[in-house]
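Down below is the structure, laid out as structure tokens.
A quick note: this is a predicted structure, and the numbers were derived from the prediction, not measured. Just so you know, residue 1 is the first one in the sequence shown, and it goes up from there.
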Amino acid sequence: MISALSRAMPRQSKTAARYHFTRVENERFAASNAAPLAFQSRNRPGPILILRFRGRVSIVDEASIERIDGAGNYVRFHVGMEKHRVRGTLKDLEKVLSPRFVRSHRSTIVNVAAVQEFVRTPFGDLIAVLRTGDRLTVGRTYRRHVEAAFAVRL
């Protein structure tokens with residue numbers, strides 16, 4: 001029974017299943033390969049991310065992403081008041097994103113421009129406060145990465 005079900009279900013290749021996001025910097029590349037109608041309707045400068053989820057393709061400006069959380073085999077993009085959940089891992093996403101994003105925790109990637117301040121707790125932990133008021137813990141393992149991104153010792 002199980003083998004009959006597995007034969008009936010179409011298989012996806014590992015690359016197709018893992019990469020449900022694409023970073024586009026070049027306007028010519030975006031117009032030819034990704035989503036020509038959607039991209040041409042948005043005349044915004046700068047890199048964009050093309051997110052594929054729930055049968056839709058969404059185009060998001062990279063600068064508007066505040067943070068990205070990991071949730072198992074999914075990542076959650078926080079864009080203003082919207083949240084987009086896309087299949088993929090933070091490790092794969094780190095390879096795609098620009099240096100404006102830094103991994104601050106094992107389950108969080110944060111946009112450097114979205115950080116308003118850092119607060120140190122009495123126990124020595126570091127908390128990043130975003131412009132939206134969200135407070136994110138900076139993991140001890142990733143503290144050096146955050147310091148390098150801001151070019152300051154925290």
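Scanning both residues, Arg143 and Gly124, for their nearest heavy atoms gives NH2-O, 3.1 Å. Shortest non-hydrogen contact noted between Gln116 and Leu130 is OE1-O, 3.6 Å. Nearest heavy atom pair, residue Ala149 against residue Val112, reads CB-CG2, 4.2 Å. The two residues Val115 and Ala128 make their nearest non-hydrogen contact at CG1-CB, 4.5 Å. The minimum heavy-atom distance linking Phe77 with Ile65 is given by the pair CD2-CD1, 3.9 Å. Listed here is the closest heavy atom pair of Val119 and Arg135: CG1-NH2, 4.4 Å.
One hydrophobic cluster, built from ILVMFWY side chains closer than 4.5 Å, cannot hold both Val75 and Tyr142; they sit in different ones. Note on Val129: it does not cluster hydrophobically with Ile109, by side-chain heavy-atom contacts below 4.5 Å among ILVMFWY residues. Under the 4.5 Å side-chain heavy-atom criterion for Ile, Leu, Val, Met, Phe, Trp and Tyr, Val152 and Leu136 are members of the same hydrophobic cluster. Side-chain heavy atoms closer than 4.5 Å link hydrophobic residues (I, L, V, M, F, W, Y) into clusters, and following such links, even through other members, never connects Tyr74 to Val79.
Side chain of Asn111 to main chain of Ala113: a donor-acceptor pair is present (N/O by atom type, distance under 3.5 Å, no hydrogens or angles).
Atom CZ of Arg76 and atom CD of Glu82 lie 15.0 Å apart (nearest 0.5 Å).
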Going through the checks in order, is the side-chain contact (heavy atoms from CB on, under 4.5 Å) test met by Leu97 and Ile68? CA-CA 11 Å; Leu97 291 174; Ile68 305 165; 3.6 Å; yes
Assess whether side-chain contact (heavy atoms from CB on, under 4.5 Å) is satisfied between Glu62 and Arg100, documenting all intermediate values. CA-CA 9 Å; Glu62 201 173 72; Arg100 86 169 45 181; 4.3 Å; yes
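In this structure, Arg120 does not pair ionically with Asp125, as no charged nitrogen and carboxylate oxygen lie closer than 4.0 Å.
With 3.5 Å as the limit, one finds no donor-acceptor pair spanning the side chains of Glu147 and His145.
Asp69 pairs in a side-chain hydrogen bond (donor to acceptor under 3.5 Å, both in side chains) with only one of the listed residues (Lys83, His105, Arg85, His78), which is His78.
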